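Take a look at the structure set out below.
Keep in mind that what you see is a predicted model, and the values were worked out from it rather than measured.
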Amino acid sequence: ISHDTLLPLEVRPCTLTPHPDKGPQMSPRKIIIDTDPGQDDAVAILLALASPEDVELLGITAAAGNVTVAKTSKNIRIVCELAGKADTLVFAGSDTPIGRPLVTAEHVHGDTGLDGPEMTDPLMPLQPQNGVDFIIDTVRATDNVTLCTLGPLTNVGLAFQKAPDIIPRIQEIVLMG
């Protein structure tokens with residue numbers, strides 16, 4: 001992907017839709033969260049799950065980063081269940097970065113990525129589709145998707161490489177660094 005390929009991204013405002021009791025309101029922003037949850041990402045996921053009037057969470061994709069993708073996809077499901085949102089779609093994405101070996105951060109977030117309180121294993125399923133393909137399919141099928149990237153950009157980068165046609169369809173990318 002060249003730098004010029006990314007230039008068509010533009011910021012478009014959310015549309016206002018009338019609410020019968022409250023007048024004009026912003027429509028919930030359609031988002032995909034791409035993450036490698038340690039504690040900080042877990043809080044961001046909890047905020048999104050607690051804000052259905054502001055965001056329509058289309059799904060969450062896991063990437064390797066703070067810990068392996070097996071652990072990050074498990075952590076997302078733990079957080080979703082903790083929030084009472086076991087119907088959230090969770091997808092495992094890339095297990096390695098693009099162009100370099102994986103370097104994890106257990107020294108910061110602990111062995112699980114969510115070390116601290118005792119967490120039970122999640123019961124909700126991991127979706128069978130790969131997270132990269134979920135991003136591609138969802139952006140192709142849904143207008144005005146915002147990508148909320150909380151960790152490595154591996155899944156987004158791979159989606160852009162595999163399907164550059166989705167780039168102009170993305171409303172915006174919001175980064176947490």
Side-chain angles (χ1 to χ4, degrees), residues 1 5-6 8-9 27-38 41-52 54-102 104 112-114 119-176:
I1 284 187
T5 308
L6 298 177
L9 288 178
S27 297
R29 184 178 302 238
K30 298 172 191 167
I31 69 168
I32 296 171
I33 295 176
D34 184 56
T35 181
D36 65 334
D41 293 14
V43 171
I45 293 167
L46 287 170
L47 288 170
L49 292 170
S51 304
D54 296 319
V55 297
E56 178 184 346
L57 183 55
L58 303 174
I60 306 175
T61 57
N66 286 320
V67 290
T68 65
V69 75
K71 291 178 182 178
T72 61
S73 58
K74 178 181 176 180
N75 290 347
I76 294 167
R77 292 178 292 139
I78 289 170
V79 171
C80 289
E81 287 183 1
L82 181 66
K85 301 288 186 174
D87 58 340
T88 304
L89 300 177
V90 178
F91 303 83
S94 181
D95 59 356
T96 57
I98 299 170
R100 69 169 178 82
L102 176 63
T104 58
T112 68
L114 290 179
M119 302 283 193
T120 59
D121 285 342
L123 299 176
M124 66 185 280
L126 188 62
Q127 300 301 306
Q129 184 180 29
N130 181 277
V132 173
D133 294 327
F134 169 74
I135 292 170
I136 293 167
D137 292 347
T138 303
V139 171
R140 282 180 174 160
T142 310
D143 291 331
N144 301 319
V145 173
T146 294
L147 300 178
C148 298
T149 59
L150 311 181
L153 299 172
T154 310
N155 291 333
V156 174
L158 291 172
F160 286 3
Q161 286 178 344
K162 189 173 180 180
D165 62 288
I166 70 170
I167 294 170
R169 293 191 48 81
I170 295 169
Q171 180 170 350
E172 66 183 339
I173 298 175
V174 177
L175 303 164
M176 180 174 87

**Derivation and outcome, side-chain contact (heavy atoms from CB on, under 4.5 Å), residues L114 and V79** = CA-CA 10 Å; L114 290 179; V79 171; 4.1 Å; yes
Check [X] against [Y] and note the closest heavy-atom contact, atom names and distance.
| X | Y | result |
| --- | --- | --- |
| L150 | A44 | CD1-CB, 3.8 Å |
| L123 | E81 | N-OE2, 2.6 Å |
| T142 | K30 | CG2-CD, 3.6 Å |
| R140 | I166 | CG-CG2, 3.7 Å |
| Q129 | D137 | NE2-OD2, 2.6 Å |
| L58 | F134 | O-CZ, 3.4 Å |

[atom1]-[atom2] distance between [X] and [Y], expressed to the nearest 0.5 angstrom:
| X | Y | atom1 | atom2 | result |
| --- | --- | --- | --- | --- |
| L47 | I33 | CG | CD1 | 9.5 Å |
| I31 | T146 | CD1 | OG1 | 8.0 Å |
| N155 | F160 | CG | CZ | 11.5 Å |
| D121 | I78 | CG | CD1 | 6.5 Å |

Can you find a heavy atom in the side chain of [X] that is under 4.5 Å from one in the side chain of [Y]?
| X | Y | value |
| --- | --- | --- |
| D41 | M176 | yes |
| K74 | R77 | yes |
| C80 | I60 | yes |
| V145 | R169 | no |
| K85 | D87 | yes |

Kindly list each side-chain donor-acceptor pair under 3.5 angstrom involving residues 89-102, sequence neighbours excluded, with atom names and distances?
residue, atom, partner, partner atom, Å
S94, OG, T96, N, 3.3
S94, OG, T96, O, 2.6

**Message:** Under a 3.5 Å distance rule, please check whether N75 uses its side chain to pair with a backbone N or O of G38 as donor and acceptor.
**Reply:** no
**Message:** I'd like to know if the side chain of T138 and the backbone of I135 have a donor-acceptor N/O pair within less than 3.5 Å.
**Reply:**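 Such a contact is absent between T138 side chain and I135 backbone.
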**Request:** Would you please test V156 and T61 for side-chain contact (heavy atoms from CB on, under 4.5 Å) and show each step?
**Result:** CA-CA 10 Å; V156 174; T61 57; over 6 Å; no
**Message:** For a quick check under 3.5 Å, do D36 and T72 share a side-chain donor-acceptor pair by atom type?
**Reply:** no
**Prompt:** Going through the distances and angles, do L57 and L49 end up as a side-chain contact (heavy atoms from CB on, under 4.5 Å)?
**Reply:** CA-CA 7 Å; L57 183 55; L49 292 170; 3.5 Å; yes
**Item:** Pairs involving residues 59-87, ordered by first then second residue, that meet ring-ring contact (aromatic ring centres under 6.0 Å, His included) (sequence neighbours left out)
**Value:**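 Checked against ring-ring contact (aromatic ring centres under 6.0 Å, His included) - neighbours excluded - no pair reaches residues 59-87.
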